[in-house]
Amino acid sequence: MTIGQTRTAFSGLVLFGLVCLSASGLAGAHGALELDDVPEGFVKASITDRSNIQGLNAMILSAPRPGIMLRYSGEKPVTVLGMEGEAFLLFSQDGVSVNTRSPSWEASSDSSTPVAQPSTAGDTGEEPAWVSLSDAGNFSWLDPRLNTMADVHHTADTQQEWSIALRGPNGEVDHISGVLMFGAYE
């Protein structure tokens, strides 16, 4: 390797490191970024209460339909519970898996993502059917609990609370919760 190639490789590593540091800072932020001059119909989501589960970070993804990103670096698995209290997503050291039998998965726009469906032959449907989504410890999705389009009766300048339950490594249930705001955001 020549000196020029070494400088180029080093510069790339420095740039990659800066991007990683920026991403981790955003993941630890307090919800969505502050927005000015927001277009009509846009919903601003924020996190008001974070989970106490060690190694778990949450971030709101700002968009016309807000999403959420979780990053988990713990040793024991953490389960995101769905709308009906069912196992929805499983975060572990091996990555992130989805229970394809979860009503929350079916209600999520992520269900259009092609995943190999497990065999249900002879299955009672009681046990989760886990399918790997990611080999990394983070995952982003459009959670049905953040889907304000399902509730078209909200008026301008209103708020709606949301909450996502998590089953921690020791079986305890914790929550990530926040507020959705419609209309003017001052």
Side-chain angles (χ1 to χ4, degrees), residues 12-13 15-33 43 45-47 49-120 123 125-147 149 162-178 180:
L13 285 173
L15 183 59
F16 178 77
L18 289 173
V19 169
C20 289
L21 287 173
S22 297
S24 65
L26 288 174
H30 296 285
L33 300 172
V43 177
S46 64
I47 296 174
D49 294 311
R50 298 184 174 279
S51 168
N52 291 322
I53 297 172
Q54 286 292 97
L56 184 74
N57 293 306
M59 182 176 94
I60 292 294
L61 304 173
S62 296
R65 178 176 170 202
I68 189 165
M69 181 178 89
L70 292 185
R71 182 178 59 172
Y72 181 62
S73 59
E75 293 182 18
K76 295 181 180 179
V78 167
T79 304
V80 175
L81 302 179
M83 299 179 301
E84 298 177 13
E86 81 283 4
F88 173 33
L89 294 169
L90 180 67
F91 285 74
S92 69
Q93 286 185 326
D94 296 329
V96 181
S97 298
V98 64
N99 173 12
T100 57
R101 294 191 183 114
S102 166
S104 297
W105 174 251
E106 293 174 13
S108 167
S109 69
D110 289 341
S111 62
S112 64
T113 303
V115 285
Q117 296 297 317
S119 171
T120 56
D123 186 48
E126 293 179 19
E127 290 295 316
W130 296 112
V131 174
S132 179
L133 291 174
S134 170
D135 292 335
N138 57 30
F139 187 70
S140 304
W141 74 99
L142 298 174
D143 194 283
R145 291 159 282 202
L146 297 175
N147 183 4
M149 301 309 288
W162 60 268
S163 181
I164 297 174
L166 307 156
R167 184 174 302 116
N170 298 321
E172 74 280 8
V173 175
D174 202 353
H175 292 84
I176 298 171
S177 56
L180 300 171

Residues which pass side chain to side chain donor-acceptor pair (under 3.5 Å) with T79, listed by chain and number, not counting sequence neighbours: none
Side chain to side chain donor-acceptor pair (under 3.5 Å) against S73, all qualifying residues, sequence neighbours excluded: none
From L166, L133, I164, residue fulfilling side chain to side chain contact (heavy atoms under 4.5 Å, CB included) relative to L89: L133
Distance-minimising heavy-atom pair for A58 and R50: O-NH1, 3.0 Å
OG on S134 to CG on D94, rounded to 0.5 Å: 11.0 Å
Residues I53, Y72; criterion side-chain contact (heavy atoms from CB on, under 4.5 Å); working and verdict: CA-CA 9 Å; I53 297 172; Y72 181 62; 4.1 Å; yes
Qualifying residues under side chain to side chain donor-acceptor pair (under 3.5 Å), relative to D49, sequence neighbours excluded: S177
Listed once per pair and sorted, the side-chain hydrogen bond (donor to acceptor under 3.5 Å, both in side chains) pairs that draw on residues 162-173, sequence neighbours left out: none
Results of side chain to side chain donor-acceptor pair (under 3.5 Å) for S51 - residues two or more places apart only: D174
Residues which pass side chain to side chain contact (heavy atoms under 4.5 Å, CB included) with Q93, listed by chain and number, not counting sequence neighbours: E75
Steps toward side-chain contact (heavy atoms from CB on, under 4.5 Å) verdict (L90, N99): CA-CA 8 Å; L90 180 67; N99 173 12; over 6 Å; no
Smallest separation among heavy atoms of P66 and L180, with atom names: CG-CD2, 4.3 Å
Any donor-acceptor N/O pair, R101 side chain to E127 backbone, under 3.5 Å: yes
Value rounded to 0.5 Å, distance of CD1 in I176 from CG in N52: 10.5 Å
side-chain contact (heavy atoms from CB on, under 4.5 Å) evaluation trace for L70 with V78: CA-CA 11 Å; L70 292 185; V78 167; over 6 Å; no
M83 to R145 - nearest heavy-atom pair and separation: N-NH1, 3.8 Å
Contact summary for S104 and P144, nearest pair of heavy atoms: O-CG, 3.6 Å
Pairwise distance CZ(R71) to CG(L56) - rounded to 0.5 angstrom: 9.5 Å
Aromatic plane relationship, W141 with F88 - under 30° parallel, 30 to 60° tilted, over 60° perpendicular: perpendicular
Separation between CG of D143 and CG of L61, rounded to the nearest 0.5 Å: 11.5 Å
